[in-house]
Amino acid sequence: MSELRSIVRGVGGYLPERVMTNDEMSKIVDTSDEWIQQRTGIKQRHIAAEGELTSDLAVAAARKALDAAGLGIEGIDLVIVATTTPDMTFPATAAIVQQKLGMHHGAAFDLQAVCSGFVYAVATADSQLKNGLGKRALVIGAETSSRILDWTDRTTCVLFGDGAGAMVLELAEKDAEDRGILASSLRSDGHHWNKLYTDGGPSSTMSIGHIRMEGKEVFKHAVGNITDVVRDVFEKTGTTVDDLDWFVPHQANKRIIDGAGVKLGIPPEKVVLTVDRHANTSAASVPLALSVAVEDGRIKKGDLVMLEAMGGGFTWGASLIRW
Ligand code: ACO
């Protein structure tokens with residue numbers, strides 16, 4: 001029997017117009033450009049305009065990914081939106097995205113795995129396509145995290161920003177180059193939920209709450225968790241770090257990315273780093289970084305690309321793609 005692969009047809013990213021620098025942040029809370037850059041690598045973040053919703057960011061990124069794929073929305077069978085900041089408690093933001101893109105057919109749902117959401121969504125779309133749900137999926141990571149920040153808490157508000165990224169996947173027979181998603185590895189351990197969470201929600205407080213985080217604890221677990229899933233994916237595919245062309249990590253913190261890179265033996269020139277431009281955009285960060293590296297010509301057809309992320313839950317995961 002022939003083997004199937006989900007091939008990347010196009011990616012796209014979108015950042016809201018408004019840029020907020022570290023210096024501007026230092027007027028809101030007791031912080032400095034130097035502290036933020038030294039601890040995180042972040043220089044600025046983008047903030048959604050009043051009335052600009054997660055679905056708007058998602059649609060803007062989706063349109064770019066569809067254009068890059070040379071497709072219209074009629075070619076898509078499945079929409080998955082990875083988000084922690086949905087427009088509303090329900091319906092799924094994916095349904096609103098469907099409506100804004102003029103799509104009446106197919107299926108659409110949200111996926112909630114916080115910062116790992118996009119990697120979880122890519123793995124989910126891959127398995128759904130292979131299971132016969134359709135031929136093409138639009139996978140989006142989109143967040144307006146600025147709306148769930150406590151703007152008086154300097155330990156969290158300096159870290160996050162708004163944005164969206166999208167990817168079009170298409171099911172095809174495995175070809176001679178073996179392009180497409182080769183393997184994914186997903187993990188979670190809910191025992192750590194209270195190290196990174198919002199202190200509210202529809203069922204607990206009937207409000208949305210704000211991000212709370214034990215930064216040191218998150219940092220401590222991040223590097224180990226990331227390296228575990230990346231190694232797992234290498235093992236599953238019989239590849240090694242020497243075969244890798246590009247490492248596209250979740251853009252939360254440069255120190256976490258550097259730590260994982262050193263532990264895995266990935267040279268810095270193979271790491272795509274965009275956290276300086278947009279801070280931690282949660283589920284949007286991996287597709288935003290991907291879209292930058294594709295648009296500037298670094299990631300090319302045939303390249304071996306490793307995606308990884310870790311976030312609240314804890315959740316973490318990795319996906320290896322032959323571009
Ligand atoms: N500006 C200035 N000073 C600050 C700030 C700030 N924004 N935030 C904290 N500080 C102070 C603290 O109050 C503390 O002061 P004290 O020594 O007088 O008590 C001092 O800086 C050191 O604080 P630490 O928490 O020890 O700083 P640390 O070196 O751990 O860096 C950070 C904090 C950046 C949050 C780090 O722990 C981290 O990166 N953790 C990972 C968190 C992360 O990336 N989360 C994103 C979501 S999860 C994910 O995506 C992987």
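Counting starts at 1 for both ligands and their atoms, following the listed order.
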Handout entry: 4.0 Å protein heavy-atom contact status of atom 31 (O) of ligand 1, strictly under
Key = yes
Problem - Polar contact flag for S32 and ligand 1 (N/O pairs, less than 3.5 Å) - result: no
Handout entry: Pair K27 + E24, salt bridge at N-O below 4.0 Å
Key = no
Practice task
Using a strict 4.0 Å cut-off to heavy atoms of N280, name the atoms of ligand 1 that fall inside it.
Solution key: 46 (C), 47 (C), 50 (O)
Practice task
May I ask whether atom 17 (O) of ligand 1 is less than 4.0 Å from at least one protein heavy atom?
Solution key: no
Problem - Within 6.0 Å of NE2 in H105, more than 12 heavy atoms from elsewhere - result: yes
Problem - Basic-acidic side-chain contact under 4.0 Å: E3, R5 - result: yes
Practice task
Return yes or no for this condition: an N or O of K216 is under 3.5 Å from an N or O of ligand 1.
Solution key: yes
Exercise for the section: Mind listing the closest non-hydrogen atom pair of V139 and V122 along with its distance? Expected result: CG1-N, 4.0 Å
Practice task
Under 4.0 Å from a heavy atom of R255: give me the atoms of ligand 1 that qualify, with their elements.
Solution key: 29 (O), 31 (O), 36 (C)
Practice task
Quick one: look up the protein heavy atom nearest atom 1 (N) of ligand 1 and list residue, atom name and how far away it is.
Solution key: T31 OG1, 2.6 Å
Exercise for the section: Give the contacting part of A222 toward ligand 1: side chain, backbone, both or neither, where contact means a heavy-atom distance below 4.0 Å. Expected result: neither
Exercise for the section: Please check atom 13 (O) of ligand 1 for a protein heavy-atom neighbour under 4.0 Å. Expected result: yes
Practice task
Evaluate the 4.0 Å heavy atom contact test for atom 4 (C) of ligand 1: does a protein atom fall under the cut-off?
Solution key: yes
Problem - Taking every non-hydrogen atom, the tightest pair across S26 and S32 - result: CB-CA, 4.3 Å
Handout entry: Identity and distance of the protein heavy atom lying nearest atom 39 (O) of ligand 1
Key = N253 ND2, 2.4 Å
Practice task
Look at atom CD of E17 and say whether more than 12 heavy atoms of other residues, nucleotides or ligands are closer to it than 6.0 Å.
Solution key: no
Completion exercise
The protein heavy atom nearest to atom 21 (O) of ligand 1 is W35 NE1, 3.4 Å
Practice task
Give the atoms of ligand 1, by number and element, whose distance to some non-hydrogen atom of D30 is under 4.0 Å.
Solution key: 1 (N), 2 (C)
Practice task
Heavy-atom contacts with T155 under 4.0 Å: which atoms of ligand 1 show up? List them by number with element.
Solution key: 8 (N), 9 (C)
Problem - M310 neighbourhood, listing ligand 1 atoms whose heavy-atom distance to it stays under 4.0 Å - result: 49 (C), 50 (O), 51 (C)
Fill in the blank from the handout: Closest to atom 28 (P) of ligand 1 among protein heavy atoms sits R39 NH1, 3.5 Å
Exercise for the section: Check each atom of ligand 1 against the heavy atoms of L196 and keep those under 4.0 Å away; list them by number with element. Expected result: 47 (C), 48 (S)
Exercise for the section: Around atom 40 (N) of ligand 1, find the nearest protein heavy atom and jot down its residue, atom name and distance. Expected result: G215 O, 2.9 Å
Handout entry: V158 and ligand 1 - part of the residue with a heavy-atom distance under 4.0 Å
Key = side chain
Problem - Atom NZ of K100 with >12 non-hydrogen neighbours under 6.0 angstrom - result: yes
Problem - Taking atom 50 (O) of ligand 1 as the reference point, the nearest protein heavy atom with its distance - result: H250 NE2, 2.8 Å
Handout entry: Top protein contact for atom 7 (N) of ligand 1, by heavy-atom distance
Key = R154 O, 2.9 Å
Exercise for the section: Give a yes or no on whether atom 10 (N) of ligand 1 lies under 4.0 Å from any heavy atom of the protein. Expected result: yes
Exercise for the section: State plainly whether the residues R212 and D150 are in salt-bridge range, i.e. N to O under 4.0 Å. Expected result: yes
Practice task
Apply side chain to side chain donor-acceptor pair (under 3.5 Å) to D162 and T144, showing your working.
Solution key: CA-CA 5 Å; D162 302 337; T144 46; 5.5 Å; no
Practice task
Please check if atom CD in E235 has more than 12 non-hydrogen atoms from other residues, nucleotides or ligands closer than 6.0 Å.
Solution key: no
Handout entry: Check ion pair R179-E170 (N to O, under 4.0 angstrom)
Key = no
Handout entry: Result of checking T315, V229, N225, D228 against R187 for side chain to side chain contact (heavy atoms under 4.5 Å, CB included)
Key = V229
Practice task
Before accepting this row, confirm whether a basic side-chain N of the pair D245/K270 lies closer than 4.0 Å to the acidic partner's carboxylate O.
Solution key: no
